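Below: the structure, in C-alpha cells.
Atoms within a ligand are numbered from 1 in the order they appear, just like the ligands themselves. The model shown is predicted, which means the values in this text are computed figures rather than measured ones. Along the sequence shown, the residues carry numbers beginning at 1.
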Amino acid sequence: MEKHTAKESARDQFVSKAGFIFAAAGSAVGLGNVWRFPYLAGQNGGGAFVLFYLLCVIVIGFGLMLAEFAIGRHTQLSSVNAFRKLDKRFTFVGAMGVLAAFVIMGYYPVVGGWSVAYIFKSLLGQLSTDSQIMGEAFGSLAAGTFSPIFWTAVYLLANIVIVIKGISAGIEKASKVMMPLLFILLIILVIRSLTLPNAIDGLKYLFVPDFSKITGDVMLSALGQAFFSLSLGMGCMITYASYLSKNENLVQNAIIVPLMDTSVALLSGIVIIPATVSFGFDLGQGPGLVFVTVPAIFATMGPVLGRLFGIIFFLLLTLAALTSSLSLLEVVVSYLIDNRKWDRKRAVIISSIVLFIMCILASLSMGPLSGFTIAGLNIFDALDWFANNLLLPVGGIFITLYIGWFWGKDKVKEEVTNGGSVRFAIFEIWIFLCKFVIPVIVTLVLLSGIGII
Ligand code: PHE
C-alpha cells in the first residue's frame, strides 16, 4: 500500500470541474448513443425497449455511477488496485472490467473506422445518390476486406497518440469542444428528420410501447445498452474518478452525466428512427442503420448543404467515439501501468497491437469471415454481446453489492458527502438500491435474457 501512496502524489488530476464532467460525459457519449441505441431500438421493437432502457438508466445508471465515482475517488486508484486496496476478495471485479474494456476495444474501433471513412465519403460526395446511400456505400465498406481495416487503423492510431499523452492534456481538451457541437447538430437534425413525410409513425414506433414485444432478450439488450452507454460496470468511471479531487460533488456528477448521455441517445433515436420509417428503410437492419439513414437525410438537404452537414456529422461522431474509446483504452493501459509496472508508452503500444488484431477479425467477420459464428453470432456481434450483455452487468452487480454490503455505510457516506459537506438527501435510498434493487434486477434480467428463467 505504501507504493500506492507514493504513486498518488504523482497522479495527474482533472484541472477543472467542467473538465471532469466533460471527460466523464465524453466517455459515456459515444457510438453507444448515436450508433448502437437507435439500431437496437429499431431491432427490438421500439417503444418497449426504449421504456425499459430509460428505467434502467434511472434506477441503475445513477446508483451505479455514484458507486463507481465513490470507489475511484476514495482510492485514487484504477479499478483493479482500487478493489485490491478496499477488499481483496473483490479484485476480480476490477479484473473483469479490464477484460470488458479489452473486449469492447476489440470491435469499437471498427465502427470508429466506419465513421472516419464516412467523413471522407461525405467530403468526396460519394453519398449523394440513392443507390450509394442505400446499402451500396455501407455494405461495400463494412463487408470489405482492406478498406475497413485501413480505416480502423486510422482510428486506432488517433487513440494511441492521445492516450500516450496522458489524461488531462489529451482527453480533457478533446471532450470540451466536441460535446456542445454534437448537441447542436443533433438538434438541427431532429428538426430535419421530423419534417419528413410520415415521420410521426417513426416517433410512435420509438415512444409508444408495445408490451407484447418485451422478452427476456429485449430486456437484456436494453440493460446491456444502459451499461454500455453510461460506461458502467467495468471500472471506467472508477478509473476516471480516481483522477478527481476530494472536493468535487460526486452526487451532482452522477446525475449530470447520465442526463447528458440519455439526451444524446434520445435525440439520436429521434433523428434516425422517424427518418428510417419515412424513407421506408429496414428498421431492423442492425449496425448499418445510422450509416444508411443519416446520409439519406443529408441527401434531402441538397448537394452543398447535405455534403457539408455530412462532413460535420461524421467528424463529430468520430470525436464522440474517440472520447469514449480513449476511456476504454485508459482502463486497459492504467492496469498495465499500475499493476504490471509498464511505462505508459509500452502499455499503449503493446495493448493496441493486440487490439488491432482483434479488430481485424471483428471487421472481417462482417465480410469474408461471416461464415464463422459463435452461438449464431459473428465475431463482431459475439464480442459485443459478451461484453455488454454479460461482463458489464455482472460487474455492476458486484460493484453495487460491494457498496451496499461490504464497504461499510459510514465510510460510503463519508466519501459521497465529502465528509459531510455535501447534502445527499436520498442516501438511504441509494444504499437500498445498491444492496437489493440493482443486484436483484440485473440478476433477473441477466438470467431471463440468457434463457435460464
Ligand atoms: N459509453 C461509450 C459509448 O456509448 C462506450 C463505453 C463503454 C466507453 C464502456 C467506456 C466504457 O460509446
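Remark: side-chain polar atoms of W35 are paired, donor with acceptor, to backbone N or O of P287 under 3.5 angstrom. A side-chain donor-acceptor contact under 3.5 Å links Y118 to the backbone of F138. A donor-acceptor pair under 3.5 Å is formed between the side chain of S351 and the backbone N or O of V348.
The closest non-hydrogen atom to atom 12 (O) of ligand 1, taken over W35, Y108, Y240, comes from Y108. The residue from S325, A101, A28 that puts a heavy atom closest to atom 4 (O) of ligand 1 is A28. The residue among S231, G32, G97, G235 with a heavy atom at the shortest distance from atom 8 (C) of ligand 1 is S231.
Taking the six-membered ring for Trp and the full ring otherwise, Y155 and W151 have centroids separated by 6.0 Å or more. Residues F20 and F69 place their aromatic rings such that the two centres sit under 6.0 Å apart. The ring of F436 has its center closer than 6.0 angstrom to the ring center of W405.
For atom 11 (C) of ligand 1, the closest non-hydrogen atom on the protein side is L328 CD2, 3.3 Å.
Polar contact with ligand 1: present for F228 (N/O pair, distance under 3.5 Å). Ligand 1 has an N or O atom lying under 3.5 Å from an N or O atom of L31, backbone or side chain.
M65 and L232 get closest at one heavy-atom pair: CA-CD2, 3.7 Å.
Atoms of ligand 1 lying under 4.0 Å from at least one heavy atom of S327, given by number and element, are 8 (C), 10 (C). Counting the atoms of ligand 1 from 1 in the order shown, those under 4.0 Å from a heavy atom of S27 are 1 (N), 2 (C), 8 (C), 10 (C). Taking every heavy atom of S324 and a limit of under 4.0 angstrom, the matching atoms of ligand 1 come to 2 (C), 3 (C), 8 (C), 12 (O). Interface atoms of ligand 1 facing S229, defined by a heavy-atom separation under 4.0 Å, are 1 (N), 4 (O).
Between the side chains of S363 and T152, no donor-acceptor pair of N or O atoms lies under 3.5 Å.
With a 4.0 Å heavy-atom cut-off, ligand 1 is reached by no atom of R36.
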